Asks: 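One structure coming up, written as structure tokens, with questions to follow.
Below, each value reflects all heavy atoms present in this structure, side chains not excepted, and no hydrogens, waters or symmetry copies. Labels below follow one simple rule: chain letters A, B, ... track the order of the sequence lines, proteins then strands, and each chain is numbered from 1. All of these numbers come straight from a predicted model, not from anything done at the bench.
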2 protein chains.
Amino acid sequence: MAAPLEIASSSPRARQALEHAERLCQERGVRLTVLRRRVLEIIWSHARPLGAYAILDVLRDDGRAGAPPTVYRALDFLLEQGLIHRLASLNVFTGCCQPDRRHGGQFLICRDCGQVDELNNTQVECLLNDEADARGFEVLTQMIEVLGRCPNCWQGVTHRAG
Amino acid sequence: MAAPLEIASSSPRARQALEHAERLCQERGVRLTVLRRRVLEIIWSHARPLGAYAILDVLRDDGRAGAPPTVYRALDFLLEQGLIHRLASLNVFTGCCQPDRRHGGQFLICRDCGQVDELNNTQVECLLNDEADARGFEVLTQMIEVLGRCPNCWQGVTHRAG
DNA sequence: GGAGAAATGTTATCCTATTGCTTCTTTAAA
DNA sequence: TTTAAAGAAGCAATAGGATAACATTTCTCC
């Protein structure tokens, strides 16, 4: 089992993402509660996407009581607000880099180290929308997951955790 | 729970898919056993993609003993041979329309009726490969799932099962 | 026919996710 | 300030998806 690298929650990108989330939620009139904020922080504080139960473990380390629904409800909220994405192929969750813009995710997922890179290729998005239109299909969300090996891993400099 | 419509296994598309599979496996020197063939047939005989446990139920109706690994091993084989695809967002399996050509799947998935339509947009495939290349990422497979509503469903003629 | 490989049977277990109900907290109105 | 209603979180149980480990059977090829 890969032990995800914990990153200081005060890392620039984590702090920035949290501030951004606070602002967005305020604008939208929805509540980024302590729990929801903490779950988002946990996600952003790790180098690799986490599963729900891994997040739950971290919450328990915090000393907080918790069962699966605790985490899943927080994740549902964050997903609804577009603050995180779910990678269906791995059953894990990762922070969204553009929570302002509604979009399905486009991800490069490293099979070896689990690292994830988010793309934002609007041309791909449009092509798929066009194909759907042509078939009279109404698009709600797009989900693109490209599985492969990141530069570090195929160059032999494996950063495999564990 | 949606009770998937069973289609006669002798339906043209199912028969054709099975013949195609037989031929491919023979060419490749791999064994399309009775079990594997039957699982493929079950998948092609239903209007909507099935989960592993739904397939298992059908096998049991056949009178065949079976536990989850029975099905999962058959599915693994069919996936390896590119005869089926797995829709990660729904944990279901669907027949592949182009088992000759190695390709990740591109799917329009109807949120309401569960029906699935497979695309084969090579332009999208290439764009994603290019993006990956530009980042030094080696692509193994692409997985594209577009969730929405099919023409039947958004026009109100819901074919929702159940 | 027999050895080795491949496929399947069997049991148990793990991981992921949800349901239903209770309790606590927040919000806004009286 | 009290209070009703809504929203969020706690909690227990369970459903659903997938795999591990090992035994047994079947196939293939010599």
Asks: Report the residue (Pro69(A) or Leu35(A)) whose heavy-atom-nearest nucleotide on DNA chain D is the more 5′ of the two.
Replies: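 Residue closer to the 5' terminus by nearest nucleotide: Leu35(A).
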Asks: Is there a donor on the side chain of Tyr53(B) or the base of dA15(D) sitting less than 3.5 Å from an acceptor on the other?
Replies: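 No, the side chain and the base share no sub-3.5 Å donor-acceptor pair.
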Asks: Choosing from dG17(D), dA9(D), dT8(C), which nucleotide comes nearest the side chain of Asn91(B)?
Replies: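 Closest nucleotide to the Asn91(B) side chain: dG17(D).
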Asks: Is the shortest side-chain N/O distance from Arg31(B) to OP1 or OP2 of dT26(D) below 4.0 Å?
Replies: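 Looking at the OP1 and OP2 atoms of dT26(D), neither is under 4.0 Å from any side-chain N or O of Arg31(B).
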Asks: Does the side chain of Thr70(A) get closer than 4.0 angstrom to OP1 or OP2 of dG10(D) through an N or O atom?
Replies: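 Answer yes for this pair, as a side-chain N or O of Thr70(A) is under 4.0 Å from OP1 or OP2.
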Asks: Give a yes/no verdict on base stacking between dT19(D) and Tyr72(B): centres under 5.5 Å, planes within less than 30° of parallel.
Replies: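 Per 5.5 Å and 30° rule: no stacking.
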Asks: Counting only N and O atoms by type, is there a donor-acceptor contact under 3.5 Å from the side chain of Arg28(B) to the main-chain atoms of Gln81(B)?
Replies: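 Checking the backbone N and O of Gln81(B) against the side chain of Arg28(B), a donor-acceptor pair under 3.5 Å is found.
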Asks: Taking only the side-chain heavy atoms of Phe93(A) (C-beta and beyond), determine which of dA9(D), dT11(C), dA17(C) contains the nearest atom.
Replies: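 Nearest nucleotide to the side chain: dA17(C).
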Asks: What's the closest nucleotide to the side chain of Ala52(A) if the choices are dG9(C), dA17(C), dA18(D)?
Replies: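 The answer is dA17(C).
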Asks: Which sits closer to the 5' end of DNA chain D, Phe77(A) or Gly66(A), going by the nucleotide each is nearest to?
Replies: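 Result of the comparison: Phe77(A).
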Asks: Looking at dC11(D), dT8(C), dT18(C), which one has an atom nearest to any side-chain atom of Pro68(A)?
Replies: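 So the side chain of Pro68(A) is nearest to dT18(C).
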Asks: Is Ala67(B) touching bases, backbone alone, or none of the nucleic acid, heavy atoms closer than 4.0 Å?
Replies: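 It contacts base atoms.
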Asks: Can you say whether a donor on the side chain of Arg73(A) sits under 3.5 Å from an acceptor on the base of dG10(D), or the other way round?
Replies: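 Present.
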